[in-house]
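Protein chains get the first letters and strands the later ones, always in sequence-line order, with residue 1 at the start of each.
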Amino acid sequence: MHYDFLQIENKWQKKWEENKVFKVNYDKNKPKYYCLEMFPYPSGKIHMGHVRNYAIGDVIARFKKMKGFNVLHPMGWDAFGLPAENAAIKNKIHPAKWTYSNIDYMRAQLKQLGLSYDWDREVATCDPEYYKWEQLVFLKMYEKGLIYRKKSTVNWCEDCNTVLANEQVEDGKCWRCSNEVTMKEINGWFFKITDYAEELLEYTYKLEGWPEKVLTMQRNWIGKSYGAEIDFEVKGFDRKITVFTTRPDTLFGATFMLLAPEHEMSKELIKGTSYEEEGLKFINSILKEDKISRSADNKEKKGFFTGRYVYNPLTKKEIPVYIANYILIDYGTGAVMAVPAHDQRDFEFAKKYNLEITVVINPEGQELAPENMSEAYTGQGIMVNSGKFNGISNEEAKTKITEFLEEENIGKKTVNFRLRDWGISRQRYWGAPIPVIHCKKCGIVPVPEKDLPVRLPLDVEFTGSGNPLETSAEFKNVKCPLCGIDAERETDTMDTFVESSWYFLRYCSPKCSTNIFDKEEAEYFMNVDQYIGGVEHAILHLLYARFFTKVLRDLGYINIDEPFERLLTQGMVCKETYSCKNDGWLFPEDVDEGKCKICGEQVVVGRVEKMSKSKKNVVDPDALIKRYGADTARLFSLFAAPPEKDLEWSEQGVDGCYRFINRIFRLFVNNLELIKTEYNAEYEDSKLAKDILYHMHFTIKKVTNDIEKFQLNTAVAAIMELTNNLYLIEPKLSTDYEKQKFKECLINMIKLLTPFTPHFCEELWSLAGGKGFISLEKWPEYEEKYTVKDEITLAIQVNGKVRAEIVMPKDVDKETALKAARENEKIMGYLEGKTLVKEIYVPGKLISLVVK
RNA sequence: GCCGGAGUGGCGGAAUUGGCAGACGCACCGGACUCAAAAUCCGGCGGGCUAAUCACCCGUGGGGGUUCGAGUCCCCCCUCCGGCACCA
């Protein structure tokens, strides 16, 4: 007998929707809980990663609801982005149409999973009613000086025909299409995230509910380092060059200086000299290199002598200035004092170009000589060759030398960050337009607030080259709001990471028409109590969202510092790959008994890796739901692995979960008469009744605690165990009291299971004569006294090895237990002829006897 | 190179503060039901030794240590995964 999941799931999805079971309203008298899963990009269909992510979130949301919280559990669409535009180019379909039809399909898929969203709060970021608030915030940020426009060398992806943020470049390749990234000079807009570097870093130490891994990644990304900026005067040139160093203690050992090719002084120093021609050639040869090859692993260090010298501010010696390929323009000041004795890169450079090496730090009890060194000494030690700083430790010298530089006005203590401002300009159509106008007379003019939103135009051609917005006359040609002359509208659109930086706030009052969100409602629902999503967003999205929240706070929109209280990064969904020599990668359904269905060739089973379309090791959620139902699909993705770990997909494992659901179904149906009977039995001291009570209360406790700790796999295991026990108990039932408790246990069991397999539980609840929805029932409570058995089994160890077991009453005292242990027949054998030197009793667990 | 995380049966994975390693599921084996099969129900299932499901020994990547007792704590090493990486 199998249950009819198709009919059952459709029925309950409809009922939930008709009765607005998961609608949530602002109600400051109720305790709230905000459960959020990262919203998807509407690419067409959901994949198993979504199923897992949303199943996890749904368990939490439903659990908290049954626990009595006013749960905000919303869903929406990260709807701007390149694929829509690529589809437009390829299929001549407008990005909006493509996007909205995908949304419709995916929404239906999510509904089929029975997720407890309040769909009335759905948002799509491509909706002008959504992005107009982003444009408003842009204007406020601009006013406050948090946005600027500058010309810069940017990462450019030829394939996507757009600029990429540093965060979107992975291994020198485009994060989206893996095309090689090249460099291009372009004008663009920047958010001053660096203004918040310190605070973003500081709060990584306060986010206690976040995985350490993610916090570490963010800290590395922000990359704070302490050091000094030091000015070097150029010989015969009325200019100074400032360097940043974390090692001011080594300043006496600085024997040359290095400039990034992009540094303004690189060209300046050689201008009009005999070095100019060669130098420019050198600079250009490096600049035209793309990012990957320039930052390649063991890239050879190359330099060009400018013919110029600067004075080491402490030794007063003239030291040569080189332009070098390994100096980064966007870290520090783009200029470096080179200390070959104590920095490996500089050491290699000095060897190659035969430059002076001066040791200024000796390791404790050792004396370094440059001619004997085969590598730089980067450790701690005692200062030498450093004038009045000789003899002290280099750590002390760091402070002392910096202080001296400050007194002499040639340097200052600084803090440097690796984090750079967030370039948000994208030369694409399908994004939120940047609300500014370029006027020949007035310069950059913000669009007046009353003219928002700046909507995307429709008279656009998608040819695949250049920014489509440039081709829209209607969009581009405007009058200057200030002086009224002909002007041009900005055609850059914003990075789609901007929309996802505040969607969680919009969910709090998605229909608010007077502001980005209703402050009161947002302050009620925020923070997000639990955020769940993929670890791939550990840096990009999560850092931007934190930044944006702080900006909104400083603009007075909301009074919170951080948006996400707790974060769970779920693992990937993986599966083994299949391939055959004729047809390459194969879908699982193309494999039949180890043979390729297409050509009949032997199939090669590859290693388990992340499900991906390219390797075809995917399971289609639609097919899965059709075959097993949503409840089974959900249950397996929750049971097969702990949420934060990778999950290996297994068809047989899914089968096992399906069997389990059917097992409960049968247990229920077989006892339907019992379940529908109203018992009113007196308490009875029967062994079986006690057994039932124990299993029931123990399981309620276990499942409740496990869900709180996000151990969803063991929560499911506990319910499976209970089911197994109930199967064994069922044939033994005799008295009314036992039946009454058995019934109670069955009812509680399906309540515990409701967050995992909600449709199925609703059906059993209604079969049992339950009123309303089990989804709205109160979560079962347990009584501690029933979670322990009357009798406990104590293990007896002799010298650390378990030799026997005894059964004792649960509250047995130490002496009685020890006496019983000593008198145990088996144990006596081990004690014979030995001296008992120590006795340990661990209540309820074991007894340990030590003999000699 | 630096920073994180992880190594447990044939497999996925369990194990409060150190307290009977292997819960639960998969696979496999046996039994019941059946003319038979499937489904279902019951039972077994780390390795060695053994006639034995008696007893004993070994066993959580490897080697040491602390402890009555270590998957768990400490030291050293190996392997794998993830992130960052010429960051001055």
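- Exactly one of A/Tyr658, A/Phe5, A/Phe660 qualifies for a ring-ring contact (aromatic ring centres under 6.0 Å, His included) with A/Tyr628. That residue is A/Tyr658.
- Of the candidates B/C86, B/C57, B/U16, the closest approach to any side-chain atom of A/Lys301 belongs to B/C86.
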Atom pairs, N/O to N/O, protein against nucleotides 12-14 of chain B, distance under 3.5 Å?
unit_1: B/G12; atom_1: O2'; unit_2: A/Ala640; atom_2: O; d: 2.9
unit_1: B/G13; atom_1: O3'; unit_2: A/Asn713; atom_2: ND2; d: 3.4
unit_1: B/A14; atom_1: OP1; unit_2: A/Asn713; atom_2: ND2; d: 3.2

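- Rounded to whole Å, the separation between the C1' atoms of B/C33 and B/G43 comes to 15 Å.
- Rounded to whole Å, the separation between the P atoms of B/U53 and B/C42 comes to 24 Å.
- Taking every side-chain heavy atom of A/Gln797 into account, B/G19 is the closest of B/C86, B/G19, B/C26.
- For the C1' atoms, the distance from B/C54 to B/G5 is 45 Å, rounded to whole Å.
- Within the nucleic acid shown, A/Gly656 comes within 4.0 Å of sugar-phosphate atoms alone, with no base atom in reach, counting heavy atoms only.
- Closest to the A/Asn724 side chain, of the nucleotides B/G83, B/A88, B/G25, is B/G25.
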For this session: State the dot-bracket string of RNA chain B. Criteria: Watson-Crick or G-U wobble, both atom distances under 3.5 angstrom; notation: ( ) intrastrand, [ ] crossing earlier pairs, | interstrand, . unpaired.
Result: (((((((..(((......[....))).(((((.......))))).(((.......)))..(((((..]....))))))))))))....
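- If you check B/C26, B/G83, B/A88 against the side chain of A/Met217, the one that comes closest is B/G83.
- Note on A/Tyr226: nothing from the nucleic acid sits closer than 4.0 angstrom, heavy atoms only.
- Residues satisfying the side chain to side chain donor-acceptor pair (under 3.5 Å) criterion with A/Tyr830, sequence neighbours excluded, are A/Arg803.
- Across B/G19, B/G43, B/U40, the shortest atom-to-atom separation from the side chain of A/Lys845 is found for B/G19.
- Within the 4.5 Å cutoff, side-chain heavy atoms of A/Thr714 are placed close to those of A/Lys702.
- A search for salt bridge (charged side-chain N to carboxylate O under 4.0 Å, His left out) contacts involving A/Glu839 returns A/Arg822, not counting sequence neighbours.
- Distance check on atom P: B/G83 versus B/U72 gives 29 Å, rounded to whole Å.
- Checking A/Arg663 against A/Val535, the closest nucleotide of RNA chain B that is more toward the 5' end is the one next to A/Arg663.
- Shown here are the salt bridge (charged side-chain N to carboxylate O under 4.0 Å, His left out) partners of A/Lys789, two or more places apart in sequence or in another chain: there are none.
- A/Asn713 and A/Ala641 make their closest contact through CB-O, 3.9 Å (heavy atoms, listed as atom of the first residue, atom of the second, distance).
- Residues A/Tyr353 and A/Phe349 place their aromatic rings such that the two centres sit under 6.0 Å apart.
- The side chain of A/Val842 approaches B/G19 more closely than any other nucleotide in the set B/G19, B/C86, B/C24.
- Every side-chain contact (heavy atoms from CB on, under 4.5 Å) that A/Thr255 has, sequence neighbours left out, goes to A/Pro340, A/Glu356, A/Thr358.
- Glycosidic conformation at B/G9 (O4'-C1'-N9-C4 for purines, O4'-C1'-N1-C2 for pyrimidines): syn, within 90° of 0.
- Side-chain contact check for A/Ser225 and A/Tyr331: at least one donor-acceptor pair (N or O, by modelled atom type) lies under 3.5 Å.
- Among the nucleotides B/C58, B/C42, B/C68, the one closest to any side-chain atom of A/Ser848 is B/C68.
- The CG-P distance, from A/Leu215 to B/G82, rounds to 21 Å in whole Å.
- Of the C1' atoms belonging to B/G7 and B/G62, the separation is 12 Å, rounded to the nearest Å.
- Side-chain proximity of A/Met720 to the nucleotides B/C20, B/C56, B/C24 is greatest for B/C24.
- A/Phe760 and A/Phe665 have tilted rings, their planes meeting at an angle from 30° to 60° on a 0 to 90° scale.
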